[in-house]
Undergrad: 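Take this structure, written in structure tokens, and hold onto it; I'll ask about it next.
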Amino acid sequence: MRGTMNEFSGSAALFFLLLAGCASGPVPPSQESESTEGLDLTGQPLARVHVFAPDINPTNFTPAKPSTDDKDPLLAMAPEDGAAGAGAPQAADQKPAPRRRLMIYTARFELLVANVKESIQRFQKSVTDAGGYLQSLHGDTIVCRVPARTFDAVVASVPSFGVVVDESIQAEEVTRAHLDLTLRIETAEKARERLLKILERAQATEDVLKIEQEVRRLTEEIERMKGELKLLEERIAYSTVEVRFRSAAPEPKPMPLRRQSRFPWINAVGVEHALASF
Amino acid sequence: MHLRPSERPAVSRRRFAPRLALAASLALTAAGCLTMETPPEFLVIDDDTSEVRAVTPDDARLWAREFDDPLRGSLAFWSETLKTDLTDNRGYTLIQQREVKTKSGRPGVELDCEVTAQGAARGYLVTLFIVEGWMSNTIQVVEFTAPKNAFDSRVEAVRSAIATIRP
């Protein structure tokens, strides 16, 4: 009888935990900004997401290391008062603090220059000096990554390398994507912790196997999401600058047409005739 | 003393006939029948009296021809003229120039060149021989071209074949 009760309680706990643990989809806006209860599995309010609110210059963002640091990277940007982090309900009339925007910047230029090779070398050096690095160099097109904080300066310096004939700057907002990913990781980690605690108490072999399987699945999911988050933060931290250099020098004159020899037999020999006559 | 008109043709005909026969003979000798023992890997696709053409599966082409030379230019003159035209006028790169001889002892000049044709680098070996004739000379031209790899692997066999050219 006791064994049956244990199995029942273990199975029930596993059922509810799986229901909670699988809720890793995008967070509704209401939960994302205000809720303190919707995703509560461990007793800690998930309203910590309010830490996105502070107005911080996106170019000063430094990517966190979620895989090695227990602290949420975005918590580091939270205001010091911790009002939101404490999970205290906010007054209905209190205006939410402006959310910090996370942006991925990409700039593309096309320049007319006197010397393509030399200009590419000069530009590459300026990028290196700004803390960036070369991503690719193909023909007359160079793609560099520069720290987001120096993006504006690098972009502003591009016209000094030649005449800008084309220019485009794209800014992609990834705040929502970053928030969703962070919350999904957090939720999955908490679910895994709960599963591990249940696993310690589980006695039925079937339950142990089920829990272990779920722990394994959650672990893989967490690692995958952490990888995505790391990639996203790297794209936020380093902006892309692509410059195509075109020579402003006039096109080389075509080779003059072959002059015919005054000796007919000489005009009849050569590779071109051998290729045409066989 | 003048010969009577009726006697002139008889004398002239008697003197001219042997000369005509000799001239024809010499002319035929000069032009001759061009022959060459092509390397075994080459497929001969044309082998008439004035030219030999042969190919290989890897696009090597061997072509021996004769051209009439009423100017009677020397071997040095024609080889220099051809070299200048190839290098200065057609963009060929001369790798080396050397003197060669056929098995029968006839001297020739070989020009070893490289050129880009149809978007690919090709080797080009051209060898000249002069066959002196009574009324005009004959220039024998043997050309060998192939993509660079095939050229390098076959050029020695072609040189051996060129040495067998006759007359």
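Note on naming: letters A, B, ... go to the chains in the order of the sequence lines (proteins, then strands), and numbering restarts at 1 for each one.
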Undergrad: Using heavy-atom distances under 4.5 Å, tell me whether B:A146 contacts chain A through its side chain, its backbone, both, or neither.
TA: neither
Undergrad: For the CZ atom on B:R98, are there more than 12 heavy atoms of other groups (residues, nucleotides or ligands in this structure) within a distance under 6.0 Å?
TA: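 Atom CZ in B:R98 is crowded, with more than 12 foreign heavy atoms closer than 6.0 Å.
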Undergrad: Taking only residues two or more places apart in sequence, or in another chain, which ones meet B:L43 in a side chain to side chain contact (heavy atoms under 4.5 Å, CB included)?
TA: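 Side chain to side chain contact (heavy atoms under 4.5 Å, CB included) list for B:L43, sorted by chain: B:I45, B:V55.
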Undergrad: Side chain, backbone, both or neither: which part of B:L111 has a non-hydrogen atom closer than 4.5 Å to chain A?
TA: neither
Undergrad: Could you tell me whether B:R106 atom CZ has more than 12 heavy atoms of other residues or ligands within 6.0 Å of it?
TA: yes
Undergrad: Which bit of B:T81 is near chain A, if near means a heavy-atom gap under 4.5 Å: side chain, backbone, both or neither?
TA: both
Undergrad: Any chance CD of A:E173 has more than 12 other-residue heavy atoms, nucleotides or ligands included, within less than 6.0 Å?
TA: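 Enclosed.
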Undergrad: Would you please go through residues 70-78 of chain B and name the residues with a non-hydrogen atom below 4.5 Å from one of chain A, in numerical order?
TA: B:L71, B:F77, B:W78
Undergrad: Is B:V115 in contact with chain A via its backbone, its side chain, both, or neither, using a 4.5 Å heavy-atom distance?
TA: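 Only the side chain of B:V115 comes within 4.5 Å of chain A.
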Undergrad: Sort out for me which of B:R90, B:R53, B:Q118, B:R65 touches chain A most, counting heavy-atom pairs under 4.5 Å.
TA: B:R90
Undergrad: Applying a heavy-atom distance below 4.5 Å, give me the residues of residues 265-278 of chain A that approach chain B, sorted by number.
TA: A:W265, A:I266, A:N267, A:A268, A:V269, A:G270, A:V271, A:E272, A:H273, A:A274, A:L275, A:S277, A:F278
Undergrad: Where along residues 147-158 of chain B does a heavy atom come under 4.5 Å of chain A, listed by residue number?
TA: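 At a heavy-atom separation under 4.5 Å, chain A is reached by no residue of residues 147-158 of chain B.
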Undergrad: So does B:R61 have more than 12 non-hydrogen atoms from other groups sitting under 6.0 Å from CZ?
TA: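 Counting other residues, nucleotides and ligands, CZ of B:R61 exceeds 12 neighbours.
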Undergrad: Is it the side chain or the backbone of B:Y92 that comes within 4.5 Å of chain A heavy atoms, both, or neither?
TA: side chain
Undergrad: In this structure, are over 12 heavy atoms from other groups packed under 6.0 Å from B:E99 atom CD?
TA: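 No, the 6.0 Å shell around CD holds no more than 12 heavy atoms from other groups.
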